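Report on the structure given below.
Just so it is clear, the structure is predicted and the values come from calculations on it, not from any experiment.
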Amino acid sequence: MFKDARSSPGLSEANQHVVLSAWARSLGLDEEDLHRASESLDPDHRLEVAAEPGLDGWDPQTATFLQLFNVSLLYGPQWFLDAARDIPNEVLALESSMLKLGYSAQARSHGEEAIFYAEDIPFYDDAQLNATSTGRNARRLARACPPDDTAAMSLESLDHYFTISTFEEHAEPIAGAGYDVFSATVGHLAVLVATAQRANGYGTFMLASVAEECMFDGLIPQWVLPLGDEIGERMAADVGFVLSGFRTSVTLV
């Protein structure tokens with residue numbers, strides 16, 4: 001089935017405008033290009049952005065199909081854009097389609113992802129937890145998590161991060177979270193929970209906490225998950241995140 005965020009309740013129009021402007025700036029586009037595309041009622045409309053070096057956060061050897069609110073956008077090398085031009089959006093959104101297009105370039109998939117944003121966060125009481133922002137505790141937490149989790153997301157590499165533990169002396173970190181600032185107005189979130197502490201609600205608590213901190217800093221929280229991550233989706237729903245788009249990416253050799 002075609003994955004389409006148009007059927008989601010969505011963010012407020014003002015925050016949609018802020019998010020689209022952030023993505024436009026990251027791609028070197030005029031912000032109005034995405035705003036006009038968002039107003040289009042044509043489901044077949046698609047923007048094309050030719051990959052080029054120098055775009056922060058965009059690899060010129062990667063092709064990405066992005067669906068965000070009412071916008072569909074394909075980023076990639078010119079030959080990839082040309083090959084995809086006659087393919088409908090509902091087909092291009094599939095991982096298999098992107099891999100097929102990039103077969104000659106030995107494409108490797110980054111998978112299909114769901115993109116969420118939030119503007120209202122519920123309150124969670126943290127009076128019994130000690131929050132710190134030290135590299136030592138971030139590294140201690142990393143050692144308490146599966147290697148695959150820490151390889152995908154290092155707390156210390158984020159622009160802002162913190163960990164939580166009890167107030168006991170020498171208490172081990174329970175969980176951590178942080179965010180990178182994306183295009184000046186969006187905070188891209190990450191959450192990490194120690195293996196022994198999972199299924200205790202700490203992931204949801206940390207997602208709410210880092211989203212709230214992000215908003216205090218004047219940013220719109222962005223949460224990106226692999227498509228089909230049911231635990232992450234439940235966390236997003238509990239914290240008030242709104243499904244707003246999808247992304248499919250492949251790396252080309």
Sequence neighbours left out, what passes ring-ring contact (aromatic ring centres under 6.0 Å, His included) with Phe182? Give chain and number order. Trp23

Run the salt bridge (charged side-chain N to carboxylate O under 4.0 Å, His left out) test against Arg85 and tell me which residues pass, sequence neighbours left out. Glu48, Asp82

Can you name the ring-ring contact (aromatic ring centres under 6.0 Å, His included) partners of His160, sequence neighbours left out? Tyr179

N/O donor-acceptor pairs under 3.5 Å from side chains in residues 197-216, not counting sequence neighbours:
from, atom 1, to, atom 2, distance (Å)
Arg198, NE, Val193, O, 2.8
Arg198, NH1, Asp149, OD2, 3.1
Arg198, NH2, Asp149, OD2, 2.7
Arg198, NH2, Val193, O, 2.8
Asn200, ND2, Gln197, O, 3.2
Ser209, OG, Phe205, O, 2.9

Under the side-chain hydrogen bond (donor to acceptor under 3.5 Å, both in side chains) test, which residues partner Arg139, sequence neighbours left out? Glu156

With a 4.5 Å heavy-atom cut-off, do Ile164 and Asn130 have their side chains touching? no

Minimal non-hydrogen separation, Thr163 against Pro173, with atom names: CB-CB, 4.5 Å

Heavy-atom side-chain proximity of Pro221 to Phe241 below 4.5 angstrom: yes

Any salt bridge between Glu112 and Arg247, counting N to O under 4.0 Å? no

ring-ring contact (aromatic ring centres under 6.0 Å, His included) filter on Tyr75, not counting sequence neighbours, yields Trp58

Might you work through the side chain to side chain contact (heavy atoms under 4.5 Å, CB included) test for Ile174 and Leu129, ending with a clear yes or no? CA-CA 10 Å; Ile174 295 169; Leu129 296 168; 4.1 Å; yes

Heavy-atom closest pair, residues Ala37 and Leu47: CB-CD1, 3.9 Å

